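Since the model is a prediction, treat every value here as computed from it, not as a measurement.
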Amino acid sequence: MTTPTAALPRPVRVLIALRISDLTDESTSLERQLADARRHIAERTDLGWVEVGVARDAHVSATKQSPFQRAELGHWIKERAPEFDLILFWKLDRFVRKVLDMQDMLRWAEDHGHKSYASVTEPIFDMTGPFRHVIIALFSALAEMEATNTSMRVKSFIESVREQKRWAGGMPIYGYEVYKAEDGAAYLRQNPRQVKVIHEIAQRLQDQPGESHAEIADDLNHRNEPTPRGTRPSKRIVESGRKYKWTAAGLRKLLKNEALMGWKMETRPVPGKKYYETIPVITSDGEKIRIADPIFTDEEWTKLQAYLEGRTFKISSPTNVTPFLDVISCGYCKGKMRLHVARRDRKDGTRVEYPKFRCFNPRTVEGRTKYGCSDQASWDPDRLLVTFEHHLMGEFGDRDVEERIYVVGEDNEGRMAEISELVGHIMEDMKPGRRYGTPLMRGKAEAILDNLNAEYETLSTRPQGDRWEYRNLGKTWRELWVTSEIPELESLMRRNGVKFYCYADQFELHIPEQLQY
């Protein structure tokens, strides 16, 4: 007979989730959040808390992006869920700001082994307590209320000065700068250097023969002329060492903006579309509001706009339906490859479309351009999809398809600890003078110990932690490719972690090892 050893308490594997937005100050920096979180974990080592990872998401708005959509936290949630038991964040609004997002995370937690959440700075927020769902619902509602109140305050201020000639705040268009008048209010005035650059661009475009937008943009970059955003770079850009660059599309957008004529502008959603438009503010009397001296005369402006409409092709917004959006990625920055369609009007009035797959990663490392990282190359959609199919079928076409499924592990530690305690009591009772201390009762005690030991050994060999398991779908990849629609294929590949990386001159197909056999 072997005596089972006492089972150690299972550690609580903690994932630290950090988030900071563009407008957050130093008081809630990622470094401070991380230091406070690690101190919080250290104070709970007696409860088995142990750090297993850190998800850093900088310059991310919790109002606009749910935890699933964030780069690092989303990766942990979707791909590495078996590796942690609890998500620890500095404050609830660092994690979510919408009730619906919190409800989604609650459902996800229940489906993935009853995972927990905890806040460093809000002691009452702890999912390990008996009222965890009530507390979470309350805090998430308060966080959303605070975000709504902040938005309402900003909107209220902007509306209060909407028809005034003062500047409501923010970064003015290139060509103007903000100054404070004697009344203490902010107003706009022309920036002489920037106005000179704008006139130069307009003149060079309209010369005979005129230069292209791209040629002018390259020259401005070569001269190190500060861009509109470069005149007031964000802290993130300064820390990264990167620089904003002039682009052909940026020049066109600048020269078509009516704010160059000194009009006060406002942004509003386009009905039925997912993007916004910037238009002049119209007063209740039906008039525009001029808040600064115009950079062009009316005649110059009319001539310039006519020239731009007749020469420059228009680029569509990247809202086209992109096949395999979560599968096909840029090999350099790992950002998503989106279907981008450029349209050009011919002289005969017909329109030609030029679809391309391009990298649209908004948080690319150094070398980021308007349309992705500087290393990436664009690809013709037909060629790219055919190449994707060729690689997939060539390497895995005749192999069985398996679907990755999240399995919640058995929690046997409680019973194993109970068995260890029972064994200790029984062995104490086998001493002379105790319950099982006689030869007659010793055999009965040994039989009980044998049964408990057998149960302990069985429980100790069963998988306890959450894990991925793979279910055979009874089809090969080739059969699935022929019989399934793209959304179904994309969904399966996303769940299984399949990735197709595109480089300038090569491709790389990645399928997790568990799916390859």
Side-chain angles (χ1 to χ4, degrees), residues 8-63 65-97 101-102 104-106 108-109 112-132 135-136 138-140 142-143 146-147 235-236 238-240 363 365 409 411 413 464-467:
L8 295 175
R10 178 181 175 182
V12 179
R13 300 166 300 170
V14 181
L15 170 65
I16 301 175
L18 311 177
R19 184 192 68 81
I20 192 171
S21 65
D22 290 328
L23 301 179
T24 305
D25 60 22
E26 290 296 326
S27 64
T28 53
S29 67
L30 295 183
E31 291 73 19
R32 178 188 173 185
Q33 292 181 38
L34 180 59
D36 290 349
R38 285 177 169 164
R39 189 180 306 112
H40 193 76
I41 294 174
E43 294 171 353
R44 286 157 180 76
T45 53
D46 58 324
L47 301 178
W49 285 32
V50 57
E51 176 187 337
V52 295
V54 179
R56 297 172 178 265
D57 289 297
H59 310 289
V60 172
S61 168
T63 304
Q65 289 190 9
S66 73
F68 293 99
Q69 297 172 314
R70 298 168 200 168
E72 293 202 15
L73 181 57
H75 174 70
W76 277 90
I77 291 173
K78 292 183 284 189
E79 300 297 333
R80 304 181 65 178
E83 300 177 29
F84 63 90
D85 308 303
L86 181 147
I87 297 180
L88 178 67
F89 38 83
W90 190 75
K91 194 177 179 183
L92 182 61
D93 63 8
R94 299 297 93 197
F95 185 53
V96 295
R97 278 186 177 269
D101 287 345
M102 192 70 238
D104 288 340
M105 293 308 302
L106 286 175
W108 176 87
H112 291 77
H114 303 283
K115 298 193 186 299
S116 301
Y117 305 107
S119 169
V120 173
T121 60
E122 299 153 329
I124 194 174
F125 187 97
D126 190 343
M127 276 191 62
T128 60
F131 302 105
R132 59 181 187 173
I135 294 172
I136 288 170
L138 173 62
F139 270 84
S140 56
L142 292 176
E146 177 60 24
K235 180 182 177 182
R236 168 171 54 88
V238 173
E239 292 176 347
S240 68
R363 299 298 177 200
V365 294
D411 185 9
E413 294 180 354
Q464 296 189 46
D466 297 353
R467 61 196 182 278

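F84 and W76 have perpendicular rings, their planes meeting at more than 60° on a 0 to 90° scale where under 30° would count as parallel.
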* For E83 and V52, run side chain to side chain contact (heavy atoms under 4.5 Å, CB included): C-alpha distance rounded to whole Å, both residues' side-chain angles, the deciding distance at 0.1 Å, then the answer. => CA-CA 8 Å; E83 300 177 29; V52 295; 5.6 Å; no
* Verdict with supporting geometry, F95 and L73, side chain to side chain contact (heavy atoms under 4.5 Å, CB included) -> CA-CA 10 Å; F95 185 53; L73 181 57; 3.9 Å; yes
* Decide side chain to side chain contact (heavy atoms under 4.5 Å, CB included) for L18 and E72; before the verdict, give the C-alpha distance in whole Å, the side-chain angles of both, and the deciding distance to 0.1 Å. => CA-CA 9 Å; L18 311 177; E72 293 202 15; over 6 Å; no
* Asked: Checking side chain to side chain contact (heavy atoms under 4.5 Å, CB included) for the pair I16/H40: CA distance, chi angles, key distance, verdict?
  -> CA-CA 11 Å; I16 301 175; H40 193 76; over 6 Å; no
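A donor-acceptor pair under 3.5 Å is formed between the side chain of R19 and the backbone N or O of D93. Of the possible polar contacts, one joining the T121 side chain to the W90 backbone as a donor-acceptor pair under 3.5 Å is found. Between the side chain of D101 and the backbone N or O of P67, no donor-acceptor pair lies under 3.5 Å.
For the pair D36/R39, a side-chain contact is recorded, criterion being any heavy-atom separation below 4.5 Å from C-beta on. Between R44 and V12 there is no side-chain heavy-atom pair separated by less than 4.5 Å.
Under the side-chain hydrogen bond (donor to acceptor under 3.5 Å, both in side chains) criterion, S119 pairs with E122, sequence neighbours left out. Residues satisfying the side-chain contact (heavy atoms from CB on, under 4.5 Å) test with A81, not counting sequence neighbours, are W108, H112, K115, Y406.
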